There are 2 protein chains.
Amino acid sequence: MIRLLLAEDQGMMRGALALLLGLEEDFEIVAQVGDGEEILPKALETEPDAALLDIELPGRSGLDAAADLRERLPGCRVLILTTFGRPGYLRRAMEAGASGFLVKDGPVEELAAAVRRVLAGERVIDPALAAAALSAGPNPLTQRERDVLAAAVDGATVADIAARVHLSPATVRNYLSAAIGKTGTRNRMEAVRAARQNGWL
Amino acid sequence: MIRLLLAEDQGMMRGALALLLGLEEDFEIVAQVGDGEEILPKALETEPDAALLDIELPGRSGLDAAADLRERLPGCRVLILTTFGRPGYLRRAMEAGASGFLVKDGPVEELAAAVRRVLAGERVIDPALAAAALSAGPNPLTQRERDVLAAAVDGATVADIAARVHLSPATVRNYLSAAIGKTGTRNRMEAVRAARQNGWL
DNA sequence: GGCCCGCCATGACATTTGTCCTGGCCGCGC
DNA sequence: GCGCGGCCAGGACAAATGTCATGGCGGGCC
């Protein structure tokens, strides 16, 4: 019997996946969570064989949770299941010790198969996405540049960003300028979009 | 037997919902589409009793498709199923003649029940969302203001927007200023976010 | 030790952006 | 007819933004 933990914030998606995987003879969903903070506690409590994690979660990113799991529950395989096939996400997932990376497009049939293959020791990764991740190269942004960009997503002014990150407004502008340069864009919003597109945030 | 059409772009979600609804004794999924353009042709071909439509679709919005269906296939009830419970979406869905409006949070069990209730002639709407839609009031933005805002989403400059909408840069700035004023925001990006938040785009 | 980075900050500067005002052109309602 | 509002454009001005140069601080690496 394969014991599964399922982390997904959209209630309907979570319920549908749980029902679906529950239909498989050898699968058992031992935990369902909708918040990233709950993943580790629930996993420690139920000790699943595999965890199916969404990335964009309230509370704590599925990628961070994956790293937690590798450290605290090494016997549990981690599968990332996400809407967006961003190269940087795949890279971070691999660095966090994930065994599989699936996108929410593609047929549901893949899902159970992927879980089984991961449990058998295989790595499951979309080949096209793997190629994209390699060709895209690593994240060129420094920590601070990421912080500042992340604080700029919702159209905040320099002053707002400076307050959020506890920096001088002038420094913020310098980091923004650097990020704009590195992403090859023309203004902060384009830089934010480019960084998100690549999974660099 | 209730004949259903299902429109949803995420393959995994679409497959999961189809399997799930297919489990109901009296449901039959007669068509599945992942593109908004395909909704009307498929519906005319299969003549379903109800259509379950996502809003954010490639090709054509689920809201526009809903209007198409009301006009060309009045016997078909329309249920909108969307990730975002934006007040403006609900309003537009009602104006397009939809009988139900569900958000993708909330349990899957609601889904089949909602379809049955809609087929029985009821309207199915999240009460909290209905209240929000009423309190938010109608869309205050004019057509041109929406156009210009929509063209500004990805951090385009005034010149870019002007080229896209075939307007003078000065006019674009005026429309942006008007949109910023009407949304009560401080710059174009905040205006874009506010407008999207309310489903005004 | 010297060198390279990342980090933080400031000043100066050109460009872009947001605001306000003026004006003209239409269509609609009273 | 008159007023109102949406549509289009331009000018003038203040504020925000993006760039560049300069400087100091600290930690790695050879």
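Order of the sequence lines sets the chain letters (A, B, ...), proteins ahead of strands, with each chain counted from 1. Owing to the predicted nature of the structure, the values given are computational and were not obtained by experimental measurement.
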Under 4.0 angstrom between B:Thr142 side-chain N/O and D:dG5 OP1 or OP2:
no
Can you tell me how far C1' of C:dG18 sits from NZ of B:Lys182, to the nearest Å?
17 Å
Rounded to 10°, the angle between the first-five-pair and last-five-pair axes of the helix from C:dG1-D:dC30 to C:dC30-D:dG1 is 30°
Please confirm whether the shortest side-chain N or O distance from A:Arg173 to OP1 or OP2 of D:dT19 is below 4.0 Å.
no
Taking B:Ala195's backbone N and O only, do any of them form a donor-acceptor pair with B:Asn198's side chain (distance below 3.5 Å, no angle check)?
no
All N/O donor-acceptor pairs, side-chain side in residues 163-172 of chain B, below 3.5 Å, sequence neighbours left out:
unit_1   : atom_1 : unit_2   : atom_2 : d
B:Arg164 : NH1    : B:Ala151 : O      : 3.3
B:Arg164 : NH2    : B:Asp154 : OD1    : 3.3
B:Arg164 : NH2    : B:Asp154 : OD2    : 3.2
B:Ser168 : OG     : B:Ala170 : N      : 3.1

Could you pull out all residues at least two apart from A:Lys42 that satisfy salt bridge (charged side-chain N to carboxylate O under 4.0 Å, His left out)?
none
A:Arg72 versus A:Leu44, closest heavy-atom pair with distance:
NH2-CD1, 3.6 Å
Do any side-chain atoms of residues 93-106 of chain A form donor-acceptor pairs under 3.5 angstrom with protein atoms, and if so which ones, sequence neighbours left out?
unit_1   : atom_1 : unit_2  : atom_2 : d
A:Lys104 : NZ     : A:Glu8  : OE1    : 2.8
A:Lys104 : NZ     : A:Asp54 : OD2    : 3.4

Rounded to whole Å, please give me the gap between CG in A:Asp147 and C1' in C:dG6.
13 Å
Evaluate B:Leu63 against B:Leu53 for side chain to side chain contact (heavy atoms under 4.5 Å, CB included), listing each step before the verdict.
CA-CA 8 Å; B:Leu63 292 172; B:Leu53 308 183; over 6 Å; no
Quiz: residues 81-89 of chain B side-chain donor-acceptor pairs under 3.5 angstrom, not counting sequence neighbours:
unit_1  : atom_1 : unit_2   : atom_2 : d
B:Thr82 : OG1    : B:Phe84  : N      : 3.3
B:Thr83 : OG1    : A:Gln10  : NE2    : 3.2
B:Arg86 : NE     : B:Arg196 : O      : 2.8
B:Tyr89 : OH     : B:Glu56  : OE2    : 2.8

How far does CD of B:Glu145 sit from CG of B:Asn174, to the nearest 0.5 angstrom?
10.5 Å
Under a 4.0 Å heavy-atom cut-off, which of residues 154-172 of chain A touch DNA chain C?
A:Leu167, A:Ser168, A:Ala170, A:Thr171
Rounded distance [0.5 Å steps], CZ in B:Arg188 versus OG in B:Ser177:
11.0 Å
Quick one: does B:Asp49's side chain have a donor or acceptor within less than 3.5 Å of a partner on B:Arg3's backbone?
yes
Interface residues of residues 184-197 of chain A with DNA chain D (non-hydrogen, below 4.0 angstrom):
A:Asn187, A:Arg188
Is there any protein nitrogen or oxygen under 3.5 Å from a nitrogen or oxygen in nucleotides 21-25 of chain D, and what are the pairs?
none

Rounded interatomic separation in angstrom, taking CD from A:Glu145 and P from C:dG6
8 Å
Report all side-chain donor-acceptor pairs from residues 118-133 of chain B shorter than 3.5 Å, counting only partners two or more places apart or in another chain.
unit_1   : atom_1 : unit_2   : atom_2 : d
B:Glu122 : OE1    : B:Arg117 : NE     : 3.3
B:Glu122 : OE1    : B:Arg117 : NH2    : 3.3
B:Asp126 : OD1    : B:Ala128 : N      : 2.9
B:Asp126 : OD1    : B:Leu129 : N      : 3.4

Backbone N/O of B:Gly155 and side chain of A:Asn187: donor-acceptor pair under 3.5 Å:
yes
Counting heavy atoms from C-beta on, name the nucleotide in C:dT19, D:dG18, C:dG6 closest to the side chain of B:Ile180.
C:dT19
Does B:Arg146 reach the main-chain N or O of B:Leu141 with its side chain, forming a donor-acceptor pair under 3.5 Å?
yes
Quick one, give me the B/S/- string for nucleotides 23-29 of chain C, reading 5' to 3', where B means a protein heavy atom under 4.0 Å from the base and S means that only happens at the primed atoms, P, OP1 or OP2.
-------
For A:Ala112, the side-chain contact (heavy atoms from CB on, under 4.5 Å) test, sequence neighbours excluded, returns A:Leu21, A:Glu24, A:Phe27, A:Arg116
Are any non-hydrogen side-chain atoms of A:Asp35 and A:Pro58 less than 4.5 angstrom apart?
yes
Qualifying residues under salt bridge (charged side-chain N to carboxylate O under 4.0 Å, His left out), relative to B:Glu38, sequence neighbours excluded
none
Please determine if a side-chain N or O atom of A:Tyr175 lies less than 4.0 Å away from the OP1 or OP2 oxygen of C:dC8.
yes
